[in-house]
Structures are given as C-alpha cells and as structure tokens.
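To start, the structure itself, in structure tokens.
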Amino acid sequence: MTTGLKTGLVLAGGAARGAYEVGVLSYLREEFEPHFGRELKLDILAGTSVGAIHACYLAASSHQHREQARGLISHWHAMKVEEVLRCSFGDVFRIIREALSKPTEHSTRDIQYGGLVDPRGLRALVGRGIPWLQIGRNLRKGHLEALAISATHVGTGAATVFIQRADGTIPRWSDDPDYRAVATRIGPNHALASAAIPVVFPAVRVRGHLHIDGGFKLNVPLSPALRLGAQRVIVVSLRPTVGVQPATAAEEHERELAVASAPFLVGKLLNMLMTDRTDQDLGRLRRLNDILEAGTTAYGPGFAQTLSAALHPHRSQPVRYIRELLVRPSRDLGELAAEYVKTPEFRRRSSGLAHRTILRLVEREAPREADMASYLLFDGGFADILIDLGRRDARALRSQWERFWSDEPQTVSEKAAMKSPASTAA
C-alpha cells in the first residue's frame, strides 16, 4: 500500500544558525533514506531567511536528491566570515550618508537600503550556489509541487509569502491583511529579501516594494506548507529544546554583568524578533488532530468532511489530519558559538574587520553565550559543528522518522482521510 501523502519540509530562519538544518537534511538523505530503501520525496518546500535559501537550493536540486546534502555541506564548509559579511569603515559612513540624504529616483532603484554589510558577498553566494532556472524545470517535471519563501513587507509590516508552482497559481489563501501570498517565479532577490536582517543586511526591493527578513513575521512557515497541500510535514526549528537546566548563581551574576553590553541586548532582541511560534503552531495542529481522531472514532469516517462543511465560512482549506515531525537543537546555539569563537581554529580560519568584530562581540556578550555572534558566524568551522548537531539530533528521532514515512495510516482519522482525496490540506 502506498499512501501518496504530500510531504512538506518547513525550514526556519536564523542566519548562520541555519547550518543546523543541513545536518538534519544530511541525516534524511545520507542515512535514513538508504536505510528506508526508497526515495523520499519532498513535495512542498517552505522556508524563511536562511531556511528560504535552503528551500530554494532544494527546489533547484530536487531532480538529484541524493546530492542535495553533500552540495549544501560543501557550500557551508567553504564559508568564511569576511566573504559573507563584507564590511569596511566606509560602510559606516555610507549608512550615515544614506540616513541624511534625500531619496532620489536613481537611489530608489538601488538594491541596498540601510544595511551595514555590503550585500555583494551574500548575493554572490546565493547567485552562484543555486541554479535558479532549474526550479521551474523541476516543478514542471513533477520533482516537487511548490516552493514558498516568506519575507516581511517594510511599508506595511505584513508577511509576504512568495510562491512558485508549475501552473503559476496559488490556492485560496488567508483573508488576513497582515499575511498575503504572491505567485511569482522565485529568484535571487526573493531569497535575499527573506534573509535581510535589518541593520546587518540591506532591505531588498522586490516588485517595487522593500522587504526584509521574513523571520520577523513568519519565522517557521508551517501555515504556507499546509495551505499548499502538505499532508505531513517535517519542521526544522532553530530554537533549542525546552527544559534547559536552570542557571547557577555564578552564571546569573555573569548574565547581570553582560546585560549592560549592547551585543548581549541585541542578541536577545534578535532572539525575540525572530519569533519562533513552532510550539504554538504545532500545538494547534495536534489539538485539531486529536479532535479529528475523537470525532472519527465516535461518528465514523465522514466526520472530517462534516466538520469542514460546518467550518467552511471561517476556513480557506478543508480540515484534515496532518502527520508532523519536529527536529530542533538539543544544545543552545549561542553557547556553541561562544565556545567555537574562542578556539584556535576560528582564529586560523579568518582575519579582517568582520572576524575582529565577531571576536569583540563574543568578548562583550555573556561569557557562556553569544547569541548575536551566532547569527553572524558564517564560518565553515562553526557550520560543521551545527551540521553535526543537526545530524545527531535527527538520528535520535529515528523511530519517529520511520513512523512519519510509513505507508500505513497511523490513526483512524488518517485512514479515513486517505480514502478521501478531495480533502488535501488542513
């Protein structure tokens, strides 16, 4: 029996922290898939910020899925801070000049708006690492069904989800004015807009409108994946597992001293702004699954259709049971950044202003954590640490992966849903 369930992969934003996602994909493609014995297709790819760049890469390489993990690992391993974070003292004066200058028609056509870092490093990385035209070819050939990446519209603060499908359409979407979907052919500017952390990277103009990092409104884009028809979803969050050990008195004292530093405050602010609503979103999904399971058990296999009909005026999609698998870090990524930057390896790998700035940031943040630096640490050595962590965390969930990819229905309500193909999303 083959379920034919549409599978979605949801990738969170987090700048340099995103190397963790590559570790999860590495486990899926290089360890679990050979063990499982067949190709595991990812039909719907949804990402934000660095997750958007990864989603675009996966869409462009979906015709050769066995090479996907190795390709991403190679890109991350080769990263150097000074190549991605191209910054000079001249950039500081440019920011001041842009802030004081009156905009002109010529200046508003420029891609750079307010970023401290010269975007050419990131633009070159995105441009040469992804064969953009291959995305459309793979969609037309059926290697995947949809690609969705999110950004934040500067003028309105609304979440904008850029969607590419073979037929150029989008399904019925939300009526929420703070959340809109746009059908388009996704290219480098869309990915750069999704990854444009304010102050660090400049805002990017897409279709005449400025956009910044999608993480401020939709950091873990689960909803787009479901609206595009995913019937089971893998969610990779960059927020560490809850239940961290309480700090000791000495650690609390160190934190109190660190609060006075700007890097510490900015790092915590980034953590708050890159809102990760994974627990809330999955909590709602699981509650709906529980309702469907209880209702199907009590009232029969038509319960989901009856509920969908009753909720139709209030929902843009029918109700359906959704399988889900969540992978998240077992270690605090800020702590890992602090540990790595203090090693001789980091000092050997890099030099220049960006390198010295990160060293200074870590010195100014709390002794055992470096949240701000962890977002900016585009360094192959740090990436290797995060990739290994992602691989180990995913491996620890092996039984859940087997259940997730099983062809057999896992619940009464899922069995009923499999017999009702008209209901394709939740």
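Side chains are part of it too, since the values below use all heavy atoms of this structure and drop only hydrogens, waters and symmetry mates.
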Checklist entry - Given W132 and V126, is the side-chain contact (heavy atoms from CB on, under 4.5 Å) satisfied, shown in steps? => result CA-CA 10 Å; W132 293 95; V126 171; 3.3 Å; yes
Checklist entry - Under a 4.0 Å N-O cut-off, is there an ion pair linking E324 with R286? => result yes
Side-chain contact test, heavy atoms from C-beta onward, threshold under 4.5 Å: evaluate it for [X] versus [Y] and give yes or no.
X	Y	value
T7	L9	no
M418	Q231	no
E402	H35	yes
T278	V10	no
R331	E339	yes
Y299	L307	no
V341	F382	no
T296	Y321	no

[atom1]/[X] to [atom2]/[Y] distance, rounded to the nearest 0.5 angstrom?
X	Y	atom1	atom2	answer
D167	E145	CG	CD	10.0 Å
I73	S26	CD1	OG	4.0 Å
F404	L397	CZ	CG	12.0 Å
D384	L389	CG	CG	12.5 Å
I44	I234	CD1	CD1	12.0 Å
I149	I186	CD1	CD1	4.5 Å

Side-chain donor/acceptor of [X] to backbone N/O of [Y], under 3.5 Å:
X	Y	result
H77	S74	no
R320	A417	yes
T152	D213	yes
Q164	R185	no
E33	E31	no
R403	Q410	no
S194	S49	yes
E414	P409	no
R165	G168	no
W401	A394	yes

Checklist entry - Between R137 and H63, is a side-chain contact (heavy atoms from CB on, under 4.5 Å) present by the stated rule, with each step listed? => result CA-CA 9 Å; R137 299 188 190 107; H63 61 299; over 6 Å; no
Next on the checklist: Please verify the inter-ring angle class for F36 with F32; under 30° counts as parallel, over 60° as perpendicular, anything in between as tilted.
Outcome noted: parallel
Next on the checklist: Tell me whether the rings of Y57 and H75 are parallel (<30°), tilted (30 to 60°) or perpendicular (>60°).
Outcome noted: perpendicular
Checklist entry - Does NZ belonging to K41 count more than 12 external heavy atoms closer than 6.0 Å? => result yes
Checklist entry - Counting only heavy atoms not in R66, do more than 12 sit closer than 6.0 Å to its CZ atom? => result no
Checklist entry - Given Y340 and L386, is the side-chain contact (heavy atoms from CB on, under 4.5 Å) satisfied, shown in steps? => result CA-CA 11 Å; Y340 172 70; L386 298 189; over 6 Å; no
Next on the checklist: Using the rule side-chain contact (heavy atoms from CB on, under 4.5 Å), only one of L72, L144, I53 pairs with L58; which is it?
Outcome noted: L72
Next on the checklist: Going by side-chain contact (heavy atoms from CB on, under 4.5 Å), T160 matches just one of H209, R207, H211. Which one?
Outcome noted: H211
Taking all heavy atoms of [X] and all of [Y], pick out the closest pair and write down the distance.
X	Y	value
G18	V50	CA-CG1, 3.6 Å
F162	A151	CE1-CB, 4.0 Å
L228	P171	CD2-CD, 3.7 Å
A196	P202	CB-O, 3.2 Å
P329	R239	CD-O, 3.4 Å
A60	P131	CB-O, 3.6 Å

Item to check | Candidate pair W76 and H54, rule ring pair (Phe, Tyr, Trp, His ring centres under 6.0 Å), full reasoning | outcome: CA-CA 11 Å; W76 277 95; H54 287 159; 5.8 Å; yes
Next on the checklist: D393 vs Y20, test: side-chain contact (heavy atoms from CB on, under 4.5 Å). Steps then yes/no.
Outcome noted: CA-CA 10 Å; D393 289 342; Y20 178 87; 2.8 Å; yes
